[in-house]
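Inspection log for the structure reproduced underneath, given as structure tokens.
To find a chain, count down the sequence lines: A is the first, B the second, and so on, and within it residues start at 1.
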There are 2 protein chains.
Amino acid sequence: MGVIETAKTRARRVEKVVDLPLEQPIALPVGRILDGDCVEAMRSIPSASIDLVFADPPYNLQLGGDLNRPDGSHVDAVTDDWDKFDTFKAYDDFTQAWLVEAKRILKPDGALWVIGSYHNIYRVGAILQDLGFWILNDIVWRKSNPMPNFRGTRFTNAHETLLWCSQGEKAKYHFNYRAMKTLNDELQMRSDWVLPICNGAERLKEGGHKVHPTQKPESLLYRVLLSTTEKGDVVLDPFFGTGTTGAVAKRLGRQWIGCEREGVYREAALKRIAKELPLDESALTTMQAGRSAPKVAFGALVENGYLKPGTELFDKKRRWTATVRADGSLASGKQTGSIHGLGKELQGAPSCNGWTFWHYETGSEVKPIDAARQLYLLAVED
Amino acid sequence: MGVIETAKTRARRVEKVVDLPLEQPIALPVGRILDGDCVEAMRSIPSASIDLVFADPPYNLQLGGDLNRPDGSHVDAVTDDWDKFDTFKAYDDFTQAWLVEAKRILKPDGALWVIGSYHNIYRVGAILQDLGFWILNDIVWRKSNPMPNFRGTRFTNAHETLLWCSQGEKAKYHFNYRAMKTLNDELQMRSDWVLPICNGAERLKEGGHKVHPTQKPESLLYRVLLSTTEKGDVVLDPFFGTGTTGAVAKRLGRQWIGCEREGVYREAALKRIAKELPLDESALTTMQAGRSAPKVAFGALVENGYLKPGTELFDKKRRWTATVRADGSLASGKQTGSIHGLGKELQGAPSCNGWTFWHYETGSEVKPIDAARQLYLLAVED
DNA sequence: CACCGAAGTGAATCCTGGT
DNA sequence: GACCAGGATTCACTTCGGT
């Protein structure tokens with residue numbers, strides 16, 4: 001799983017596609033945002049060179065007139081030209097074009113993620129099946145705080161759909177089952193993910209206005225990348241926008257490539273990603289299959305940024321310390337485990353409540369990690 | 001577009017249907033299960049005669065399920081080239097065939113529901129859009145007790161998807177907004193429904209084995225029928241199975257028609273539905289009356305003494321005042337208008353809900369005039 | 001600084017009937 | 001079909017200003 005391709009082997013394969021001198025390996029434009037149309041941009045990428053494509057294409061919302069809230073205020077809708085298509089046929093052609101390129105550049109064991117709403121996801125899903133992609137799961141992002149239906153005419157549109165696909169029915173793919181289970185309170189991660197929409201400090205703004213109308217939450221990308229890529233993998237996002245994929249990829253030690261036509265988005269993305277710090281080695285190590293694992297939804301705190309991977313935890317008297325890892329497990333020297341299990345091990349105690357045992361520093365204060373859980377529960381509890 | 005909810009429009013719609021038999025008798029096979037292929041069966045149904053189609057089509061093609069092409073020829077996994085293209089092609093043809101008939105038999109303001117999983121729902125969704133159906137919502141049935149993924153190779157497949165569609169972009173449709181809001185603890189019903197799968201006493205069994213492999217829970221149909229049909233409406237289910245649609249329809253005072261080719265299922269369904277008792281008139285009426293708020297003219301409150309002509313109204317911050325006039329209009333200085341219109345004018349807002357904007361004093365309390373409407377509604381219902 | 005209330009906002013296919 | 005007027009409609013969260 002997750003074998004990283006060497007530049008040498010990549011070059012050998014690429015050479016047949018792109019007519020280049022034998023000795024000159026093609027360098028993937030890793031850590032760069034390619035300008036222009038994503039189909040054109042992807043054509044410059046060698047075949048079978050990408051581990052994961054994550055795509056957030058235009059949804060083709062087909063909105064009508066203005067919409068006001070009951071209090072009379074105006075809803076700031078997606079009116080950008082990039083979301084306008086004349087017909088379903090036009091949208092289908094566009095979709096097929098980028099999916100064909102995505103399929104070509106993916107490694108045989110690579111995977112595709114696409115996110116969409118009911119406006120477009122059925123068309124995308126049918127087309128990618130036609131192209132031979134094999135749907136592994138459809139994932140529902142259940143928004144904890146969606147916009148209501150102001151006119152009372154339909155059900156609140158409270159979710160979006162993600163499709164996770166392999167290259168074909170028999171194709172291999174990567175799935176970090178253990179990390180997902182750890183992240184989900186020792187229960188199998190389900191196909192419905194409850195996550196808040198992107199707002200607050202995470203939302204990129206310029207002069208008080210959102211830079212991109214549809215910025216995705218980092219927690220969503222966090223789960224996507226953690227579940228289906230390995231450290232060092234190359235992730236390409238054909239609709240990079242303000243670079244959520246790049247930011248989370250960098251944080252998680254994945255390599256990234258973006259495609260984006262709009263200069264404003266490109267600039268915002270580069271600035272954003274530059275600020276991002278990769279997690280260190282120990283934080284990135286996730287639970288491997290078969291090991292003991294946390295028994296609580298501590299992972300949700302990590303995923304949602306309440307406690308960052310790499311954070312140092314310690315008991316009240318600072319006799320022991322441990323590091324938070326990306327999947328919500330803890331590491332202390334060579335010992336690893338859940339917040340409860342590791343606390344128990346270190347103390348040689350029959351049991352340990354990790355929530356009250358482990359502390360962290362926030363500002364000048366020292367708090368039990370239970371404080372972070374309380375914050376999280378306040379925000380997410382439904 | 002077009003949500004229809006008032007008793008007035010409802011009556012008008014029924015009138016037209018009731019008129020039909022006078023000129024051109026139609027005998028809808030209400031309360032019956034039509035034998036044979038559903039496309040053939042639907043051909044016997046008059047055009048524009050059905051209020052709702054609920055469909056739970058098969059999607060087990062790749063597991064060897066049998067299927068006939070629209071022309072009647074049998075798709076054989078052995079003799080046909082059973083590659084993916086053929087599989088999808090055959091399924092698409094089948095899907096298109098039944099959707100075409102469903103569209104024909106639906107009234108102009110009728111609606112379609114389809115349920116499926118990621119194996120088939122993307123194909124179904126794209127095809128129904130191509131046929132002109134307009135997706136109003138996609139609904140996620142989030143299973144509270146799904147089957148785990150035993151091999152740990154993917155996310156637990158914990159949901160199914162329903163599509164709710166009108167006849168077209170401009171078509172009218174029915175949505176019992178109030179009923180759904182009431183059902184959801186006075187919050188808008190969302191597009192994700194958490195419901196348990198069908199098991200226990202509800203699950204039909206014969207000799208210890210389940211009669212149908214994919215029997216849907218009655219709670220699911222309950223919500224579908226309550227949200228998008230009215231009492232007396234005709235609901236057709238082309239893949240009737242063991243008759244969950246019929247059972248719930250009968251209970252809710254809706255008429256039903258089924259199509260089912262398997263004799264075993266037909267028998268089980270008839271037996272099941274026979275046992276079902278319709279809710280009595282008062283239970284049904286009470287349920288609807290409490291949940292669908294009839295439109296109240298502000299004038300009716302004045303007329304009935306709930307607000308006397310001459311009463312001073314004002315907004316919450318008392319920036320504006322207005323006087324109630326005998327005909328239910330308001331006057332503020334030289335400006336006059338309806339409760340909504342005057343509120344809108346004074347604020348210079350694009351719209352205004354007069355019911356919550358205007359307040360009045362009663363005793364020592366200040367209340368929105370909506371409070372008076374509620375009192376009026378309580379009195380009128382009894 | 002804490003607390004409280006008001007204001008703002010998010011991928012939204014968001015009204016109906018009569019002239 | 002365009003236009004107009006009457007009428008009905010919101011949830012969870014963040015930020016900001018006042019006390």
Side-chain N,O (B:H340) to OP1/OP2 (D:dG6) below 4.0 Å: no

[atom1] spacing across the pair [N] / [M], given as an integer number of angstrom:
| N | M | atom1 | result |
| --- | --- | --- | --- |
| C:dT9 | D:dT10 | C1' | 12 Å |
| D:dG7 | C:dT13 | C1' | 23 Å |
| C:dC1 | D:dG17 | C1' | 14 Å |

If you measure from the Lys or Arg side-chain nitrogens to the Asp or Glu carboxylate oxygens, is any gap between A:R142 and A:E160 under 4.0 Å? no

Can you say whether a donor on the side chain of A:R151 sits under 3.5 Å from an acceptor on the base of D:dT10, or the other way round?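 By the distance-only test, no, there is no pair.
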
At 4.0 Å (heavy atoms only), tell me whether [X] reaches a base, stays on the sugar-phosphate, or touches nothing.
| X | answer |
| --- | --- |
| B:C352 | base |
| A:T214 | base |
| A:P57 | base |

Examine distances only and state if a side-chain atom of B:H340 and a backbone atom of B:G354 form a donor-acceptor pair shorter than 3.5 Å. yes

From C:dC14, C:dA11, C:dT9, pick the nucleotide closest to the side chain of A:R69?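 The listed nucleotide nearest to A:R69's side chain is C:dT9.
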
Between A:V78 and A:F150, which residue's closest nucleotide on DNA chain C lies nearer the 5′ terminus?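 Going by which nucleotide is closer to the 5' end, it is A:V78.
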
Of A:K205 and B:I135, the one whose nearest nucleotide on DNA chain C sits closer to the 5' end is A:K205

Strictly by Watson-Crick or wobble contacts shorter than 3.5 Å, is anything paired with D:dT10, and which nucleotide is it?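 By the stated definition (distances under 3.5 Å), nothing pairs with D:dT10.
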
What's the base orientation of D:dT14: syn (chi within 90° of 0) or anti?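 With its glycosidic angle more than 90° from zero, D:dT14 counts as anti.
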
If every non-hydrogen atom of B:H174 is compared with every non-hydrogen atom of B:W164, which pair is closest and at what distance?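 Closest heavy-atom pair between B:H174 and B:W164: O-CZ2, 3.7 Å.
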
